[in-house]
Chemist: 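Sharing a structure with you now.
None of these values were measured; they are calculated from a predicted model. Side chains are part of it too, since the values below use all heavy atoms of this structure and drop only hydrogens, waters and symmetry mates.
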Amino acid sequence: MVRVVSYNIHSGRDLFWRKRLNEMAATLRELQADVIGLQEVHQNGKYGFQAAYLADALEYEFAFAPSIPIADGYYGNALLTRLPVEHVGRLDLPARKEKRCVLQASLFCSGTRVSFWVTHCSLNQASRLEQMKLLTDKAAKKNTPLLLMGDFNALNVSFAPMLTDCALATGQDHLATLPAFRRRIDYLFASSHWRIKHYAVAPVKWSDHVPIIAELELLHPVPAK
């Protein structure tokens with residue numbers, strides 16, 4: 001069984017732009033996830049090395065995929081994990097304005113090599129459609145277990161039948177992930193290699209988003225060679 005969390009941390013601040021990184025760390029520690037995908041994360045001297053701070057607070061390994069240069073560092077997506085890490089890469093997404101990317105990590109889960117992708121799609125619809133197409137094309141070429149997570153900035157996102165929406169599969173798709181607007185724009189998608197056991201959101205107010213949580217089981221674990 002693996003527990004996965006996806007969380008847009010809004011630069012470590014709440015809806016009223018108050019610093020909440022310490023509270024976020026405490027919540028993530030309580031959730032006891034094996035893998036955490038984060039969006040809107042700073043790794044720079046101006047706003048703080050947030051991915052490194054959270055990883056240190058949780059005693060997890062971390063990886064960071066930069067999207068935008070800021071000061072002496074970057075802003076982008078991050079992954080925290082207590083699973084063994086084999087490889088981390090970055091895929092740039094097509095974007096007309098603000099740059100976007102996918103963090104692509106290969107981890108070992110129950111001895112099986114598994115892909116975890118963390119992304120944050122554009123607000124611009126035209127760019128977002130191009131990004132979704134690229135994600136669909138890349139995911140279609142994967143024949144090993146995949147979990148795709150992040151803030152997709154859209155309602156009714158689907159990669160069916162290739163990937164399953166964890167919230168929809170468990171009847172929890174009514175749960176908002178952007179509570180102030182009562183919208184669900186954060187998702188966890190699983191390939192057919194997974195059995196989705198549980199899905200929930202954590203009702204905390206440290207960001208404008210809430211963490212989304214899924215528990216999944218590999219159907220046929222295959223030891224990596």
Chemist: Tell me, please, which residues at least two apart from H193 pass ring pair (Phe, Tyr, Trp, His ring centres under 6.0 Å).
Modeler: none

Chemist: Between S191 and K142, is there a side-chain donor-acceptor contact under 3.5 Å, judged purely by atom types and distance?
Modeler: no

Chemist: Any chance OH of Y47 has more than 12 other-residue heavy atoms, nucleotides or ligands included, within less than 6.0 Å?
Modeler: no

Chemist: Test of understanding: with salt bridge (charged side-chain N to carboxylate O under 4.0 Å, His left out), list the residues that count as partners of R20, not counting sequence neighbours.
Modeler: D14, E23

Chemist: Do you reckon V88 sits in the same ILVMFWY cluster as V41, going by side-chain contacts under 4.5 Å, direct or chained?
Modeler: no

Chemist: Does one side chain, of N8 or E40, offer a donor that lies under 3.5 Å from an acceptor on the other?
Modeler: yes

Chemist: Which residues end up grouped with F16 if you chain together Ile, Leu, Val, Met, Phe, Trp and Tyr wherever their side-chain heavy atoms are less than 4.5 Å apart?
Modeler: L15

Chemist: Taking the six-membered ring for Trp and the single ring otherwise, decide whether the centroids of W206 and H10 are under 6.0 Å apart.
Modeler: no

Chemist: For the CG atom of D165 and the OH atom of Y187, what is their distance to the nearest 0.5 Å?
Modeler: 7.0 Å

Chemist: Any non-hydrogen side-chain atom of M1 less than 4.5 Å from a side-chain atom of L216?
Modeler: no

Chemist: Verify whether one side chain among S11 and H42 offers a donor that lies under 3.5 Å from an acceptor in the other.
Modeler: yes

Chemist: Hydrophobic clusters join Ile, Leu, Val, Met, Phe, Trp and Tyr when side-chain heavy atoms are under 4.5 Å apart, directly or via other members; which others share one with F181?
Modeler: L155, L178, I185

Chemist: What verdict does the side chain to side chain contact (heavy atoms under 4.5 Å, CB included) test give for Y7 and Q39, after you've listed the backbone C-alpha separation in whole Å, the side-chain angles of each residue and the deciding distance to 0.1 Å?
Modeler: CA-CA 6 Å; Y7 191 17; Q39 305 85 47; 5.6 Å; no

Chemist: Residues two or more places apart in sequence or in another chain: which of them pass ring pair (Phe, Tyr, Trp, His ring centres under 6.0 Å) with Y53?
Modeler: none

Chemist: Heavy atoms only: give me the nearest L107-T81 pair and the separation to one decimal.
Modeler: CD1-OG1, 3.7 Å

Chemist: Can a side-chain donor-acceptor contact be found between H120 and N77 if the only test is distance below 3.5 angstrom?
Modeler: no

Chemist: Does either side chain, that of R82 or that of Q32, offer a donor lying less than 3.5 Å from an acceptor on the other one?
Modeler: yes

Chemist: With a 3.5 Å cut-off and sequence neighbours excluded, list the donor-acceptor pairs that the side chains of residues 54-61 form with protein atoms.
Modeler:
unit_1, atom_1, unit_2, atom_2, d
Y60, OH, A33, O, 2.6

Chemist: Is it the case that atom OH in Y74 sees more than 12 heavy atoms from other parts of the structure closer than 6.0 Å?
Modeler: no

Chemist: Salt bridge or not between R90 and D92? Use side-chain N to carboxylate O under 4.0 Å.
Modeler: yes

Chemist: Is any NZ, NE, NH1 or NH2 atom of the basic residue among K197 and E215 found under 4.0 Å from an Asp or Glu carboxylate oxygen of the other?
Modeler: no

Chemist: Do E98 and S122 pair up side chain to side chain, a donor and an acceptor below 3.5 Å, judged on atom types alone?
Modeler: no

